[in-house]
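Encoded as structure tokens, the structure appears first; notes follow it.
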2 protein chains.
Amino acid sequence: MNITLDDIARRAGVSRATASRVINNHPHVNPAVRERVWQAIRETNYQPNLPARSLASRRSQVIGIIIPQSIHTLFADPYFPLLIEGIAHVCNERQFSIMLDLATTTDGDPYRHLGRRGFLEGAIVASAVEDQFLLQWLAQETIPVVSVGRIMSQQAIPYVDVNNRHGARMLVEHLLGQGYRRIATITGPMNIVAGRDRFAGYSDALYAAGLPVMPELVVEGNFSEQSGFSAMQTLLRLVPIPDAVFAASDMMALGALKALRAAGLSVPGDIGLAGFDDIPLAAAMTPALTTVRQPIGELGQTAARLLLDRLVTAPLAPVTQRVMLPTELVIRDSCVRQR
Amino acid sequence: MNITLDDIARRAGVSRATASRVINNHPHVNPAVRERVWQAIRETNYQPNLPARSLASRRSQVIGIIIPQSIHTLFADPYFPLLIEGIAHVCNERQFSIMLDLATTTDGDPYRHLGRRGFLEGAIVASAVEDQFLLQWLAQETIPVVSVGRIMSQQAIPYVDVNNRHGARMLVEHLLGQGYRRIATITGPMNIVAGRDRFAGYSDALYAAGLPVMPELVVEGNFSEQSGFSAMQTLLRLVPIPDAVFAASDMMALGALKALRAAGLSVPGDIGLAGFDDIPLAAAMTPALTTVRQPIGELGQTAARLLLDRLVTAPLAPVTQRVMLPTELVIRDSCVRQR
DNA sequence: CAAAACCGTGAAAGCGCTTTCAGGGTGAAG
DNA sequence: CTTCACCCTGAAAGCGCTTTCACGGTTTTG
């Protein structure tokens, strides 16, 4: 069978307790004994049994990444991989493991691990969407949680977010600086904070320039290419059409671009276009898309640090840490005012 | 504290053994008793402790997805998310969980879970790269493993792969059909099977057409955009330059396209270009890229099924199942022979 | 020099579950 | 009416580890 701690203890001529102390780096062990134990471990290639350890210590060294159903259709976006990689980086450093909890539609309870006991020490909720089950769970949770992006209806949850509002404002101000005046926006879903904040940034910029927010220039999308396409078609029915469009995601900008092409309009010749996210595709498009870059990897790293720090120090303290990461304006070719 | 199985048993007026039987759906329990236990569980909102269960049953219901260091720089590709989503789909159906094991550079042992006892019931190795540690581990492994993509040096590992060779051949034959004759290729890394197979398909097509494989028309890349860019620069130094280029990944095709643009050449006007993978970007590029589509989600699902079936039935049997999934030629605008 | 503090160690009691074993009941078979 | 098979249930023995507690020995303190 497998080698157990007992085997190690026997081999090193100590008790199981001492062997355990050595493995867990506890103080108060004679250096000579310590070395004997390590040697036994090396010789036998011993690996501790994780479930046994978790059971006894009540610590699993595992955190979950919760990705709600409603958004993991966007999983193909580079957003999640980069986020997860950021999280993994920190977790690896600190000897933590990552459980992936992609919500599923197949059974009643969409999350496999939420609420299961003793398995997850903490969780990172990826992308602050308002999901029925998730909110319900969060409301009565027993393990520490950090959210990536704010969840408005859950005030008490620590989060790390990107400054969507400021990023959008900078972008629209750039548009204004180019001389555009009739600027439309294709927003994200207004039931998630990122959608609302980016719209708020758009409003801020117009307001600061003394321009009104015209309702007919605001169309709601859902971050997908398809929704960008339809929204653009709607906008094209206006007379006159907008002179520039700020899409709240690059994918929507891509959809908008396709609609514009289909209508025989050129970008930026006939109309300016800008996005948000700076996915790789943004740079590859023709014309290359002006957009706002989010530090996604950093977002993940920060979330992981927040969570792990909390696990190590004060798991139960009602911490309400908030971190806001800056965005960066990426100017390319899609909204240059021609003269 | 937390509710345990003991509480449930007491509440339902049965022994712990019986309560356990109910939860695990064992036969030979009186229906009335069964209902009493379920009711107690409902009333208390009991959730079993996973580590305890794993320890006692020696089954964790967790599988690992192993992503080697050398490739998770490519993690931003849509490849991994889609693959993982496919795996997750099957795992959710069968009540299994997913541990993500992104190899790390921070410490000596790059994988956190490989070899840890009692935690992983099985593992899926994503993308069959030849990684030192991984191979060493695979060679002496105790849990079932399924590989996505063949690992040439490990013959005994079941795998599911895409028919890279055939896909590449079909694509190059399409190029030949368009009238291209001086077709170059930017290959993937030749130390991984996908790289070699796609090159083999390229050779097959040329061979079948009675054309030689010219060494100067073959440049090795590593699937990244950057490597495609450099490789194309190399190819552009040839006289005459190739009349078409088959890049073994869409990202490399994108890099190549940029190099061509920088050189003032138009695609497909001056030179044809094709890729492999059919990532979303391929359709969004200008010109839209002709490429080969892999059924990535299906790849993940199949791998998961293979593994889970094996876990349930014969964990130790030296199964050597192989599944080969077909690819699909996606013809767009980047390699149309002008007359 | 007595008292107190500290160090290194082992025994033993769990952590919360599964599973084997045995036994009592019931109905069918002989 | 006995025997056997079968169903249902509980007692108890772990699964492999951590951690508390106690104890003897050594050092420090007043």
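These figures come from a predicted structure and were not determined experimentally. Reminder, nothing fancy here: chain letters follow the sequence lines and each chain counts from 1.
Residues satisfying the side chain to side chain donor-acceptor pair (under 3.5 Å) criterion with E298(A), sequence neighbours excluded, are absent altogether. Partners of N24(A) under the side chain to side chain donor-acceptor pair (under 3.5 Å) rule, at least two apart in sequence or in another chain, are S20(A). The side chain to side chain donor-acceptor pair (under 3.5 Å) search around S60(B) returns none, not counting sequence neighbours. Qualifying side chain to side chain donor-acceptor pair (under 3.5 Å) partners for R21(A), counting only residues two or more places apart in sequence or in other chains: none. With sequence neighbours left out, the side-chain contact (heavy atoms from CB on, under 4.5 Å) criterion links A9(B) to V14(B), A19(B). For A52(B), the side-chain contact (heavy atoms from CB on, under 4.5 Å) partners two or more places apart in sequence, or in a different chain, are L55(A), N49(B).
Note that the CD1 atom of I23(A) and the CD1 atom of I8(A) stand 7.0 Å from one another [nearest 0.5 Å]. For the atom pair I65(A) CD1 and I124(A) CD1, the distance stands at 6.0 Å (nearest 0.5 Å).
The two residues P144(A) and L307(A) make their nearest non-hydrogen contact at O-CD1, 3.6 Å. When all heavy atoms of L306(B) and Q321(B) are compared, the pair lying nearest together is CG-OE1, 4.0 Å. Nearest approach of F96(A) to V62(A), heavy atoms of both residues: CD2-N, 3.9 Å. Considering all non-hydrogen atoms of both residues, A126(A) and L83(A) come closest at CB-CD2, 3.8 Å. Nearest heavy atoms, M99(B) versus L120(B): CG-CD1, 3.6 Å.
Look at CD1 on I8(B): it is 13 Å from C1' on dC17(C), rounded to the nearest Å. As rounded to whole Å, 14 Å separates atom C1' of dC15(D) from atom CG of L5(A). With rounding to whole Å, D7(B) atom CG is found 9 Å from dC17(C) atom P. Going from atom CD of Q61(B) over to atom C1' of dC17(C) covers 14 Å, rounded to whole Å. Atom CZ of R10(B) is separated from atom P of dC17(C) by 12 Å (rounded to the nearest Å). The CZ atom of R59(A) sits 15 Å away from the C1' atom of dC17(D) (whole-angstrom rounding). One atom, CG of L55(A), and another, P of dA13(C), lie 17 Å apart when rounded to the nearest Å. The CG atom of N49(A) sits 17 Å away from the P atom of dG14(D) (whole-angstrom rounding).
OP1 and OP2 of dG16(C) both lie 4.0 Å or more from every side-chain N or O belonging to Y46(B). Checking the phosphate oxygens (OP1, OP2) of dC15(C), no side-chain nitrogen or oxygen of R58(A) falls inside 4.0 Å.
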Distances under 3.5 Å between nitrogen or oxygen atoms of protein and nucleotides 22-29 of chain C:
none

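Across the helix from dC1(C)-dG30(D) to dG30(C)-dC1(D), the helix axis at one end is tilted relative to the axis at the other end by 30° (nearest 10 degrees, each axis from five pairs).
P295(B) places a side-chain heavy atom less than 4.5 Å from the side chain of V162(B). Side-chain contact between Q61(A) and R94(A) is absent, with no heavy atoms from C-beta onward closer than 4.5 Å.
Residues from residues 12-28 of chain A placing a heavy atom under 4.0 Å of any atom in DNA chain D, listed by number, are R16(A), A17(A), S20(A), R21(A), N24(A), H26(A). Within residues 29-40 of chain A, no residue has any heavy atom closer than 4.0 Å to DNA chain D.
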> Once each nucleotide of nucleotides 23-29 of chain D is scored for protein heavy atoms under 4.0 Å, what B/S/- sequence comes out, 5' to 3'?
Replying inline: -------

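Residue pairs meeting the salt bridge (Lys or Arg N to Asp or Glu O under 4.0 Å) criterion with at least one member in residues 33-47 of chain A, sequence neighbours excluded: R11(A)-E43(A), E35(A)-R42(A).
When distances run from any side-chain atom of A52(A) to the nucleotides dG16(D), dT19(D), dT18(C), the shortest one goes to dG16(D).
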